[in-house]
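The chains referred to below are lettered A, B, ... by the order of the sequence lines, with proteins before strands, and numbering in each begins at 1. Keep in mind that what you see is a predicted model, and the values were worked out from it rather than measured. Heavy atoms only: backbone and side chains are in, while hydrogens, waters and symmetry mates are out.
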Number of protein chains: 2
Amino acid sequence: MSDLTAVDVAVSPETKFREYLMTQGMRLTTERETIVREVFASHEHFDADQLVSRLNQRTDGKRVSRSTVYRALAQLKDSGLLRAVARPNDREVYEHDYGYPQHDHLICKECGDLIEFVDDSLNEMLSRVAAQNGFRISAHRLEVYGKCANCCRPKRRQRKTDMI
Amino acid sequence: MSDLTAVDVAVSPETKFREYLMTQGMRLTTERETIVREVFASHEHFDADQLVSRLNQRTDGKRVSRSTVYRALAQLKDSGLLRAVARPNDREVYEHDYGYPQHDHLICKECGDLIEFVDDSLNEMLSRVAAQNGFRISAHRLEVYGKCANCCRPKRRQRKTDMI
DNA sequence: TTTCGTGCAAAGCCTTTGCATCCAT
DNA sequence: ATGGATGCAAAGGCTTTGCACGAAA
């Protein structure tokens, strides 16, 4: 992800997941633990398929079936550990919703890059609008589409990370 | 839709659609014309399936196949006449993007109602963020999830349009 | 005639689910 | 022993596409 600062959290994702599962009469199985760890091993955005691939590449034999991954993703979302942020290619894209500050995204239509940003005035605006409509907000999703700085500039060839 | 005021437009949706199609070397066929008219006959949000149903209920024999509807929706989107606004039940939901002011939505998780709103500070914020990131915005989608006024209040039974 | 469009049915794609087997308590 | 969990394969649900026929220029 970008340069947003991680937030201090009291307990690890595994623990938080276990606590959630317990409230649902479920257990933190080996598979589910493997998945949470893999999910929180990196701050990148990912979709179900990418997660499955990452799990399949493991050499420690801790593979998990696709079904279990999908089931776990739903549980991670319900537990507040993950959040669905976009659906670029008809695939749900997830990101950490635990230990990470709330933010929104600029989405480049050319290279698909997701740029995170935070702006307080958005929340002020949302509160105002909610009040005006007697609406009780539980969440929001703001996706800003366009062209990122890199894709905007005149290109000889496309350069990914420039300025070396 | 809600109480947003329609914007004056120079040409009809049909005309605008025809113009777009011509630039693509396509024609405004009877089917496509039937679809644009049906789409712009009402300001409600709709999904592909609802549009197909509306077209199937016609008694004037002007029915259109599902494939053609899907193809036309893509063209209407490309032409700037329609915009995809949400995807509540895995169905893409569309609304008019022509002759209607730009706005965003409060989406009630209980009853599924879409409430439109406009707030200038959002655009100010977006411009600022875009500038900071060297990002060129082409569009945005803001979905605010929660509970609408109607669903919030203590209910004996659920009432749709109250206060009679 | 030639190109574009339509309709039908089949295929695609991501995701969900039925079901038999397994595992931990 | 027992209820939840996993994996596989099949089913689902929306959307897209191949293809032959039809219509307009």
Protein-nucleotide distance (B/Leu76, atom CG; D/dT15, atom P), rounded to Å: 15 Å
Contact letters for nucleotides 14-25 of chain C, in which S counts primed atoms plus P, OP1 and OP2 and B counts the base, heavy atoms under 4.0 Å: SBBBB-------
Residue list, side chain to side chain donor-acceptor pair (under 3.5 Å) with B/Asp60, at least two apart or on another chain: B/Arg58
Scan the side chains in residues 126-136 of chain B for donor-acceptor partners under 3.5 Å anywhere in the protein, sequence neighbours excluded, and list what turns up.
from, atom 1, to, atom 2, distance (Å)
B/Ser127, OG, B/Asn123, O, 2.8
B/Arg128, NE, A/Asp119, OD2, 3.3
B/Arg128, NH2, A/Asp119, OD1, 3.1
B/Arg128, NH2, A/Asp119, OD2, 3.0
B/Arg128, NH2, A/Ser121, OG, 3.1
B/Asn133, ND2, B/Val129, O, 2.8

Sequence neighbours excluded, every pair satisfying salt bridge (Lys or Arg N to Asp or Glu O under 4.0 Å) that has a member inside residues 62-76 of chain B: B/Asp49-B/Arg66
Between C1' of C/dG7 and CZ of B/Arg32, the distance in whole Å: 14 Å
Nearest-Å distance for atom pair CD/P, residues B/Gln50 and D/dC14: 11 Å
For B/Ser65, side chain to side chain donor-acceptor pair (under 3.5 Å) partners two or more places apart: B/Thr68
Donor-acceptor contacts under 3.5 Å from residues 14-29 of chain A side chains, at least two apart:
from, atom 1, to, atom 2, distance (Å)
A/Glu14, OE2, A/Arg37, NE, 2.8
A/Thr15, OG1, A/Ser12, OG, 2.9
A/Thr23, OG1, A/Tyr20, O, 2.5
A/Thr29, OG1, A/Arg32, N, 3.2

Sequence-distant partners of B/Ser79, side chain to side chain donor-acceptor pair (under 3.5 Å), two or more places apart: none
Side chain to side chain donor-acceptor pair (under 3.5 Å) between B/His45 and B/Glu95, intermediate numbers included: CA-CA 5 Å; B/His45 296 92; B/Glu95 71 176 10; 2.8 Å; yes
Those residues that, when tested against B/Asp90, pass side chain to side chain donor-acceptor pair (under 3.5 Å) (two or more places apart): A/Arg87
Length of the line joining A/Leu73:CG and D/dA5:P, which is rounded to integer Å: 16 Å
Proximity to DNA chain D (any heavy atom under 4.0 Å), residues of residues 34-41 of chain A only: none
Between C1' of C/dC4 and CD of B/Glu33, the distance in whole Å: 17 Å
D/dG7 OP1/OP2 closer than 4.0 Å to side-chain N/O of A/Thr68: yes
Spacing between B/Gln75 atom CD and D/dT15 atom P, to the nearest angstrom: 16 Å
A/Gln24 CD - D/dA5 P separation (whole Å): 10 Å
